[in-house]
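Remember, it's a predicted structure, so these values are computed and weren't measured experimentally.
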Amino acid sequence: QVQLVESGGGSVQAGGSLRLSCAASGYTYCMAWFRQAPGKEREGVARIYTVNGVTYYADSVKGRFTISQDNAKATVYLQMNSLKPEDAAMYYCAAGVLGYCRLTYPSDYKYWGQGLQVTVSS
């Protein structure tokens, strides 16, 4: 069992920045950030393979968000810059332990964090 502990989030004005953190208590193969706004489906925004650091981003955040990791701390970060009102959502950290790690398939991820609220005001 892997526990994911998230921190960060909050409120920011459009154009601002926030950083989310997710600390894992055990082995992971990949980690990702998803988000879900009210009335919308959960959307994958960024993924990193913790075994080699390879990253992938959804088109909606490419160039603005950066996912990174600190292996010593078993922590993954999501740096969010140039935030837009449409980025407002509940953000979730997720971890996979084998197989696929697709941003379009939340079911690929076995473990999930509790969620962080991100609010972006215009």
Side-chain angles (χ1 to χ4, degrees):
Q1 188 79 8
V2 175
Q3 291 188 336
L4 303 178
V5 179
E6 301 160 331
S7 60
S11 296
V12 66
Q13 288 190 329
S17 298
L18 284 173
R19 189 176 82 156
L20 309 182
S21 300
C22 177
S25 65
Y27 170 79
T28 64
Y29 174 67
C30 61
M31 293 180 73
W33 289 96
F34 286 76
R35 65 187 181 187
Q36 189 167 19
K40 294 188 177 182
E41 292 187 355
R42 191 165 292 195
E43 174 192 18
V45 297
R47 181 216 62 217
I48 187 167
Y49 282 107
T50 52
V51 293
N52 60 17
V54 173
T55 60
Y56 183 80
Y57 298 91
D59 287 344
S60 58
V61 305
K62 203 171 292 183
R64 300 188 297 121
F65 290 14
T66 302
I67 188 170
S68 61
Q69 64 179 349
D70 182 334
N71 287 335
K73 296 181 180 179
T75 299
V76 167
Y77 305 97
L78 185 68
Q79 178 67 42
M80 305 185 293
N81 298 329
S82 302
L83 282 161
K84 304 174 181 180
E86 52 263 43
D87 293 319
M90 187 73 78
Y91 281 72
Y92 297 91
C93 176
V97 294
L98 78 166
Y100 292 109
C101 296
R102 298 166 292 188
L103 289 180
T104 51
Y105 287 85
S107 58
D108 285 352
Y109 300 83
K110 185 173 183 179
Y111 301 106
W112 290 82
Q114 77 279 10
L116 295 169
Q117 184 67 51
V118 171
T119 303
V120 184
S121 57
S122 57

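- Shortest non-hydrogen contact noted between Leu103 and Ala32 is CD2-CB, 4.0 Å.
- Taking CG from Leu83 and CZ from Arg64, the interatomic distance works out to 6.5 Å, rounded to the nearest 0.5 Å.
- At most 12 non-hydrogen atoms from other residues, nucleotides or ligands lie less than 6.0 angstrom from NZ of Lys73.
- Taken from OG in Ser21 to CD in Gln79, the straight-line distance is 9.5 Å, to the nearest 0.5 Å.
- Residues Val2 and Leu98 share a single hydrophobic cluster, defined by chaining ILVMFWY side chains whose heavy atoms lie under 4.5 Å apart.
- Side-chain heavy atoms closer than 4.5 Å link hydrophobic residues (I, L, V, M, F, W, Y) into clusters, and following such links, even through other members, never connects Tyr49 to Tyr77.
- Taking all atoms of both residues into account, the shortest heavy-atom contact from Asn71 to Thr50 is OD1-O, 4.1 Å.
- The OG1 atom of Thr55 sits 8.0 Å away from atom CZ of Arg47, with the distance rounded to the nearest 0.5 Å.
- Among the candidates Glu6, Met80, Gln36, Gln117, the single residue satisfying the side chain to side chain contact (heavy atoms under 4.5 Å, CB included) test with Tyr91 is Met80.
- A salt bridge is defined here as a Lys NZ or Arg NE, NH1 or NH2 lying under 4.0 Å from an Asp or Glu carboxylate O, and Lys84 with Asp87 fails to meet this definition.
- Across all their heavy atoms, Cys22 and Trp33 have their closest contact at CB-CZ2, 3.6 Å.
- With hydrogens and angles ignored, the 3.5 Å screen pairs a side-chain donor or acceptor of Tyr57 with a backbone N or O of Ile67.
- Residues Tyr27 and Val54 fall within the same hydrophobic cluster, defined by Ile, Leu, Val, Met, Phe, Trp and Tyr side chains chained together at heavy-atom separations under 4.5 Å.
- Residues Val12 and Leu116 are members of one and the same hydrophobic cluster, defined by side-chain heavy-atom contacts under 4.5 angstrom among Ile, Leu, Val, Met, Phe, Trp and Tyr.
- The distance from atom CG of Leu4 to atom OG1 of Thr75, rounded to the nearest 0.5 Å, is 10.5 Å.
- Shortest non-hydrogen contact noted between Ser17 and Asn81 is OG-OD1, 2.9 Å.
- With hydrogens and angles ignored, the 3.5 Å screen pairs a side-chain donor or acceptor of Tyr109 with a backbone N or O of Cys101.
- Side-chain atoms of Thr28 never come within 3.5 Å of backbone atoms of Val97 as a donor-acceptor pair (strictly under, hydrogens ignored).
- No side-chain heavy atom of Ser60 sits less than 4.5 Å from a side-chain heavy atom of Glu86.
- Residues Phe34 and Met31 do not share a hydrophobic cluster, clusters being chains of Ile/Leu/Val/Met/Phe/Trp/Tyr side chains in contact below 4.5 Å.
- Between Lys40 atom NZ and Met90 atom CE the span is 15.0 Å, to the nearest 0.5 Å.
- Shown here for Pro85 and Ser122, the closest heavy-atom pair between the two residues is CG-CB, 3.8 Å.
- Here the straight-line distance linking atom OG of Ser107 with atom CZ of Arg102 works out to 7.0 Å at 0.5 Å rounding.
- For the pair Ala46 and Leu78, the tightest heavy-atom approach, listed with the atom from each and the gap, is CB-CD1, 4.0 Å.
- No more than 12 heavy atoms of other residues, nucleotides or ligands lie within 6.0 Å of CD in Gln13, so this atom counts as exposed by the packing criterion.
- Between Tyr92 and Trp112, the two ring planes are perpendicular [angle over 60°; tilted spans 30° to 60°].
- Heavy-atom contacts from other residues, nucleotides or ligands closer than 6.0 Å to OH of Tyr56 number 12 or fewer.
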